[in-house]
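Below is one structure, written out as structure tokens; the observations come after it.
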Amino acid sequence: MLGGCFSFDILNESEGFVRVKVSGKGSKDLYRWESGGHRIQHISPTDSKKRVHTSTITVAVLYETVKTEFELNEEDLEIKCCRGSGSGGQNRNKRDTAVIIRHLPTGETVRSENQRSQLQNKMAAMELLKQRLTESLDKKAFNAQSAKVKEMVGSGERGDKIRTVQVQNGIVVDHIRNKRTDVKSYFKGDLDWLK
């Protein structure tokens, strides 16, 4: 039973969409099977013909990931020094203060020449390279997560449903595990029947 053991924080919501963060011991195990289509059937009290109305929502369950910074290995780097371009005086135009760093595994290349010394430019180039590679990892992770969400929620059509809530009959059917429970306890948040 949920009974206050989890915290729910709404991260963002818009028309037809809500993103909720669930925290608490056991929340990962309890909600891991919720991805997919959820269908709710009920008879509206205002419908004189007593027709069954069906609504569908799709759910995706994602686990929070810890953002990690890209770690650079010296053996993966090709570092070149050259003269800076543009104005900046004799030091910039006569000494190899500019630094170009290429990350061999990815081919990502950065150049730093705005600092006064070669060491400062090397440090600036390393920071810029690390930032770009971290952003690239984040983008790949985002794309992978988007594909995962698309797979989880399916089309939202009847064939993709994982659970049906039949309010008029007072039952909830889980189609994945072939289990049933009553609507009242389900609406109170009881998910123990799925274990």
Side-chain angles (χ1 to χ4, degrees), residues 2 5-38 56-86 88 92 95-157 159-163 176-177 191 194:
L2 291 178
C5 56
F6 300 127
S7 66
F8 298 87
D9 299 308
I10 296 176
L11 301 179
N12 60 347
E13 61 181 314
S14 59
E15 190 176 330
F17 173 84
V18 65
R19 186 175 181 189
V20 179
K21 179 180 179 181
V22 181
S23 307
K25 188 176 180 181
S27 60
K28 184 176 181 179
D29 289 334
L30 189 60
Y31 289 101
R32 68 180 174 184
W33 303 108
E34 295 301 302
S35 296
H38 294 246
T56 303
I57 63 165
T58 53
V59 176
V61 177
L62 303 170
Y63 302 112
E64 196 170 44
T65 56
V66 178
K67 191 174 182 179
T68 55
E69 195 174 273
F70 196 94
E71 290 295 324
L72 293 175
N73 296 322
E74 285 284 335
E75 60 269 10
D76 291 339
L77 304 177
E78 180 183 86
I79 302 172
K80 293 181 183 176
C81 299
C82 59
R83 292 187 181 145
S85 59
R92 184 182 179 105
R95 298 183 188 266
D96 290 346
T97 57
V99 176
I100 300 169
I101 302 177
R102 182 169 177 252
H103 186 246
L104 298 172
T106 62
E108 184 72 50
T109 303
V110 295
R111 176 184 175 110
S112 178
E113 58 178 279
N114 295 331
Q115 306 301 321
R116 182 140 179 85
S117 72
Q118 188 182 98
L119 179 61
Q120 289 172 328
N121 277 319
K122 182 180 178 185
M123 289 170 56
M126 292 284 268
E127 258 326 291
L128 180 59
L129 181 62
K130 196 184 287 188
Q131 180 185 351
R132 283 192 188 169
L133 292 171
T134 299
E135 286 171 1
S136 177
L137 275 180
D138 289 347
K139 189 174 181 182
K140 285 179 185 172
F142 175 80
N143 290 339
Q145 190 177 57
S146 295
K148 191 174 180 180
V149 167
K150 204 171 188 177
E151 181 186 326
M152 277 190 235
V153 300
S155 66
E157 298 295 322
D160 284 340
K161 69 184 180 294
I162 65 158
R163 190 164 306 137
I176 303 298
R177 287 172 294 285
L191 295 178
L194 294 171

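No hydrogens, no waters, no symmetry mates; every other heavy atom, side chains included, goes into these values.
A donor-acceptor contact shorter than 3.5 Å is absent between the side chain of Glu34 and the backbone of Tyr31. No donor-acceptor pair under 3.5 Å is formed between the side chain of Ser136 and the backbone N or O of Arg132. No side-chain donor-acceptor contact under 3.5 Å links Ser23 to the backbone of Ser7. Here the side chain of Thr109 pairs a donor or acceptor atom with the backbone of Gly107 at under 3.5 angstrom.
With sequence neighbours left out, Ile79 forms a side chain to side chain contact (heavy atoms under 4.5 Å, CB included) with Glu74, Leu77, Val99, Ile101, Lys122. Among residues two or more places apart in sequence or in another chain, the side-chain hydrogen bond (donor to acceptor under 3.5 Å, both in side chains) test is passed with Ser112 by Asn121. Applying the side-chain hydrogen bond (donor to acceptor under 3.5 Å, both in side chains) criterion to Arg102, with sequence neighbours excluded, gives no partner residue. Every side chain to side chain contact (heavy atoms under 4.5 Å, CB included) that Gln131 has, sequence neighbours left out, goes to Leu128, Glu135. Applying the side-chain hydrogen bond (donor to acceptor under 3.5 Å, both in side chains) test to His103 and every residue at least two apart in sequence or in another chain returns Thr106.
Nearest heavy atom pair, residue Val110 against residue Ala125, reads CG2-O, 3.3 Å.
Residue pairs meeting the salt bridge (Lys or Arg N to Asp or Glu O under 4.0 Å) criterion with at least one member in residues 6-24, sequence neighbours excluded, are Lys21-Glu64.
Residues Arg111 and Lys80 have side chains not in contact (no heavy-atom distance under 4.5 Å, counting atoms from C-beta outward). Within the 4.5 Å cutoff, side-chain heavy atoms of His38 are placed close to those of Ile162.
Once rounded to the nearest 0.5 Å, the distance linking CZ of Phe17 with CD1 of Ile57 reads 12.5 Å. Taking CE from Met126 and NZ from Lys130, the interatomic distance works out to 7.0 Å, rounded to the nearest 0.5 Å.
More than 12 heavy atoms of other residues, nucleotides or ligands sit less than 6.0 Å from atom CG of Leu11.
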